[in-house]
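Values below: every heavy atom of this structure, side chains too, minus hydrogens, waters and symmetry copies. This is a predicted model, so every value here is computed, not measured.
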Amino acid sequence: MRRRLRDDRGSALVEFSWLAIILLVPLVWIVISVFEVQQGAFATSAAARAAGRAYALAPDDATGEARAEAVVRQVLADQGTPGQRATVTVSCQTPGDSCHVGTSVITVRVDSAVDLPLFPDILGKGAASFSLDATHTVPIGQYVESAPPDGEGRGR
């Protein structure tokens with residue numbers, strides 16, 4: 001009885017294909033995830049900066065908070081992350097009751113999260129997310145223009 005030796009031709013191609021799939025798929029996922037997190041970090045930073053400026057330029061605190069919230073949503077949408085969740089927190093160090101008086105310092109913090117793309121729902125807790133935050137501080141100048149009383153000094 002004659003034994004036939006098994007031919008190994010072509011097996012290297014099969015092994016290379018399986019290794020490429022096993023190694024490249026996680027590598028591509030990691031690269032895509034890093035890009036998504038970086039995009040979210042840039043968006044969060046830009047949103048904090050824009051919200052601080054919008055709050056500081058508002059005539060009062062209530063209007064400033066509304067403008068800061070709206071600006072954060074708009075900046076996140078402009079940066080290509082319209083579904084990104086964000087929480088805006090405004091605090092200020094002020095000598096008076098209003099954040100819009102001279103020598104006040106306004107601090108805006110934007111907390112956000114980016115969902116990692118194509119992440120399997122392994123544990124049943126939903127998509128995995130990466131937490132992000134950014135802070136921007138805006139000092140209000142000591143010499144601020146005060147609005148004239150109603151009816152005075154308006155266009156003659």
Can you name the salt bridge (Lys or Arg N to Asp or Glu O under 4.0 Å) partners of D78, sequence neighbours left out?
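So D78 forms no salt bridge (Lys or Arg N to Asp or Glu O under 4.0 Å) with any residue.
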Taking only residues two or more places apart in sequence, or in another chain, which ones meet R73 in a salt bridge (Lys or Arg N to Asp or Glu O under 4.0 Å)?
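Partners of R73 under the salt bridge (Lys or Arg N to Asp or Glu O under 4.0 Å) test: none.
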T107 side chain to C92 main-chain N or O, any donor-acceptor pair under 3.5 Å?
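Side chain of T107 to backbone of C92, a donor-acceptor pair under 3.5 Å: no, none is there.
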Taking side chain as C-beta onward, heavy atoms only, is V138 less than 4.5 Å from V105?
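No - every pair of side-chain heavy atoms lies 4.5 Å or more apart.
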Using a 4.5 Å cut-off on heavy atoms from C-beta on, say whether the side chain of I140 contacts that of V101.
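They are not in side-chain contact.
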Output the distance between atom CG (L132) and atom CZ (F42), rounded to the nearest 0.5 Å.
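Rounded to the nearest 0.5 Å, the CG-CZ separation comes to 11.5 Å.
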Hey, what do you get for OG (S104) to CD (Q93), rounding to the nearest 0.5 Å?
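Here the rounded value is 9.5 Å.
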Kindly give the heavy-atom pair with the smallest separation between [X] and [Y], and that separation in Å.
| X | Y | value |
| --- | --- | --- |
| G40 | V114 | CA-CG2, 3.8 Å |
| T103 | P95 | OG1-CG, 3.6 Å |
| V72 | A47 | CG2-O, 3.9 Å |

Evaluation steps, side chain to side chain contact (heavy atoms under 4.5 Å, CB included), between R109 and V88:
CA-CA 6 Å; R109 179 182 170 99; V88 180; over 6 Å; no
Distance-only criterion, 3.5 Å: show the donor-acceptor pairs between side-chain atoms of residues 57-70 and protein atoms not counting sequence neighbours.
| residue | atom | partner | partner atom | Å |
| --- | --- | --- | --- | --- |
| D60 | OD1 | A62 | N | 3.4 |
| D60 | OD1 | T63 | N | 2.8 |
| D60 | OD1 | T63 | OG1 | 2.7 |
| D61 | OD1 | Y55 | OH | 3.4 |
| D61 | OD1 | C99 | N | 3.2 |
| D61 | OD1 | H100 | ND1 | 2.7 |
| D61 | OD2 | C99 | N | 3.2 |

Any pair counted as disulfide bond (SG atoms under 2.5 Å apart), so long as it reaches [range], sequence neighbours left out:
| range | value |
| --- | --- |
| residues 19-50 | none |
| residues 20-65 | none |
| residues 33-86 | none |

Under the ring-ring contact (aromatic ring centres under 6.0 Å, His included) rule, what pairs show up with a residue in residues 65-85, not counting sequence neighbours?
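Output for this query is empty, none listed.
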Taking the hydrophobic residues Ile, Leu, Val, Met, Phe, Trp and Tyr, and joining any pair whose side-chain heavy atoms are under 4.5 Å apart, which ones share a cluster with [X]?
| X | answer |
| --- | --- |
| V25 | I21 |
| L24 | L27 |
| V75 | V71 |
| F35 | V31 |

Side-chain heavy atoms under 4.5 angstrom apart, residues restricted to Ile, Leu, Val, Met, Phe, Trp, Tyr: same cluster for V28 and L116?
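No, V28 and L116 fall in different hydrophobic clusters.
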For residues 38-53, which residue pairs qualify under side-chain hydrogen bond (donor to acceptor under 3.5 Å, both in side chains), counting only residues two or more places apart or in two chains?
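Counting only pairs at least two positions apart or across chains, the side-chain hydrogen bond (donor to acceptor under 3.5 Å, both in side chains) contacts touching residues 38-53 are T44-Q84.
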